[in-house]
Number of protein chains: 2
Amino acid sequence: MRRQVDGRKVRGEKRRTEIIEATLRVIERDGVAGVTHRTVAKEAGVPTTSTTYHFASLDDLLIATLIDCARDMATEVYWMIDRARSRGSRGAEEVAGLLAEALGPRRGRTMAEYELYLLAARRPELRPAARRWLDVLTSMVRHDDEVAFRVFLAGIDGLLIQGLIDDEPPTAEELRPVVDYLLKPR
Amino acid sequence: MRRQVDGRKVRGEKRRTEIIEATLRVIERDGVAGVTHRTVAKEAGVPTTSTTYHFASLDDLLIATLIDCARDMATEVYWMIDRARSRGSRGAEEVAGLLAEALGPRRGRTMAEYELYLLAARRPELRPAARRWLDVLTSMVRHDDEVAFRVFLAGIDGLLIQGLIDDEPPTAEELRPVVDYLLKPR
DNA sequence: CTACTAGTGGGACTATCGTTCAGATACTCT
DNA sequence: AGAGTATCTGAACGATAGTCCCACTAGTAG
C-alpha cells in the first residue's frame, strides 16, 4: 500500500518536476508573460492537458515554480560557497564571483528569479518562498551587526537588479571593489 | 498652418497621455500582466480602438508608459528633495522618508516601476529610460567616492525591492539607521 | 462651400487563451 | 487474471486577446 502510493507519487512527481523545469525555462526565455499551458507543455514535451492535470491553475504552476526555483537556487549557492571556501577564498571574492556568474552565464535565470520575486510582491502566499533567497544570503556572511547585514542584503539585490539593465554584464573584477566596500565594517 | 498642426497634436497628445496614465494605473492595480487594450481603454474611459490608434502595439504602449513613468518619478523626486532641503533636513533623513513613502502610500506605484524596470532587462530599447531612475538618485547625494556611490545606489534599489515582499512596509524610523549606515563613509 | 485629414468610435475577425471532459493507459493490490 | 485507481491524453468549449476595417466627427485650407 505504501509502496503503491509512493511509486505512483514518484512517477507523478517526476512529470510534475519536468513541467516546473520547463516553466522556468520558458520564463528565462520569454518572461512570466510567456507562460501559458501550451508553451510550457511544448517546452516540456508533454501534452497540454498534462499541465492542467498536475496544476489546478496557471497560478498554481507559477507558485510551484517560484518555490522550486528558490529551493534550487539555495542548494546551488550553498554548493558554490562550499566549493569557494574549500579553495580558501574569502567572503568578498565568493560574493563577487557569484554576482558575476548570476549576471553573465546565468543571466536568464537571474531575470526569471527576479520576475518571480516581484510576483511575490503582489501575492502574499508566495512571499515566504521569495524570502528564502534572503535566507541563502544570510548563510553566506557572518552578521554580528544587524544593520550592516541588512545593508549587505540590500546591496546584493540592488547590484543584481541594476546589473540586469546594464548593456554588458560586469565582471567579477569590476564587482570586487564594490563588494569589498559593501562588506567593509565601519 | 503651425496652429493647425499644433492644435491637432495637442488634442492627440492629450488622449495619448490619458491612455498612458490609465496604463500606469492598471499596472499599479494588476501588474503588467493585466495590461490589455481593453482594460486600459476601460480604465481611461475611451473606446478600445483608441489605444490601437495611438500606439502601434501593446509593446509600444508599455514602452511609452515606462518612459513617461521614469520622467514622472524624476520630477516628483526632485521636488521632494527640494522640499526636504528647504526644511534643512539632511541626506539620510530625506532618503529614509523617500523609501518609507515609496513602500507605504506609493507601494502600488513602486511595484509598477520595478515591473517596468525588470521589463527593461529584456528589452534593450527601454534601458535608457530605466536608467534614468539611477540618474535621479545620483542627484540626491554627493559622490566623491565612486565605489561608495555605487553601493549607495544598489542599497536603495535593494531596500525597495525587499520592502515590497515584506508583509508590512517599514517606517521611516526603521529605515533611518540602515540608510545612515549606507551613507556613512568608511 | 467643398475637400481633406487627424482623430474617434463601434463592430467584427481570427488566434489563442485557460479549462473541461470523457476515454485510454499503466500500475498496484488481491 | 481481474478490479481499481492514479495517471495520461486528444478533442473541444467558451472567453478573451490583439488587431483590422469602415463609418463618423471636427476643424482647417483652398
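Lettering of chains follows the sequences in order, A, B, ..., and the numbering in each one begins at 1.
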Inset, instruction - Assign A/Thr36 to base, sugar-phosphate, or nothing according to its heavy-atom contacts below 4.0 angstrom with the strands shown. - result: sugar-phosphate
Inset, instruction - Identify whether the distance between the nearest side-chain nitrogen and carboxylate oxygen of B/Arg122 and A/Glu115 falls below 4.0 Å. - result: yes
Inset, instruction - Report yes if a side-chain nitrogen or oxygen of A/Arg15 is closer than 4.0 Å to either non-bridging phosphate oxygen (OP1 or OP2) of D/dT9; otherwise report no. - result: yes
Inset, instruction - Go through D/dA12, D/dT19, D/dA11 for me and flag the one nearest to the A/Thr49 side chain. - result: D/dA11
Legend entry - Nearest-Å distance for atom pair NZ/P, residues B/Lys14 and D/dG27: 13 Å
Inset, instruction - Measure the spacing between OG1 of A/Thr52 and CG of A/Leu61 and express it to the nearest 0.5 Å. - result: 10.5 Å
Legend entry - Presence of A/His54 side-chain N/O under 4.0 Å of D/dC8 phosphate oxygens OP1/OP2: yes
Inset, instruction - Calculate the interatomic distance between A/Lys42 atom NZ and C/dG18 atom P; express it in whole Å. - result: 14 Å
Inset, instruction - Check whether more than 12 heavy atoms from other residues, nucleotides or ligands sit under 6.0 Å from atom CD of A/Glu168, and answer yes or no. - result: no
Legend entry - Separation of C/dC17 P from A/Asp30 CG (nearest whole Å): 12 Å
Inset, instruction - Remember a base hit wins even if backbone is also touched, and classify A/Val35 as base, sugar-phosphate or nothing at under 4.0 Å, heavy atoms. - result: sugar-phosphate
Legend entry - Heavy atoms from other residues, nucleotides or ligands near NZ of B/Lys42 exceed 12 (cutoff 6.0 Å): no
Inset, instruction - State plainly whether the residues B/Arg131 and A/Asp167 are in salt-bridge range, i.e. N to O under 4.0 Å. - result: yes
Inset, instruction - For B/Thr52, report the nucleic acid contact type (base, sugar-phosphate, nothing); a contact means any heavy atom under 4.0 Å. - result: base
Inset, instruction - Find the distance B/Leu62:CG to D/dG18:C1' and express it as a whole number of Å. - result: 13 Å
Legend entry - Spacing between B/Arg38 atom CZ and C/dG11 atom C1', to the nearest angstrom: 11 Å
Inset, instruction - Would you kindly give the CG-to-C1' distance between A/Leu58 and D/dA15, to the nearest whole Å? - result: 15 Å
Inset, instruction - Determine: side-chain N/O of A/Tyr53 to OP1/OP2 of D/dC8, distance under 4.0 Å, yes or no. - result: no
Legend entry - Value in whole Å for how far the P atom of C/dG18 lies from CD1 of A/Ile19: 14 Å
Inset, instruction - Respond yes when some side-chain nitrogen or oxygen of B/His37 is under 4.0 Å from OP1 or OP2 of D/dT19, and no when none is. - result: yes
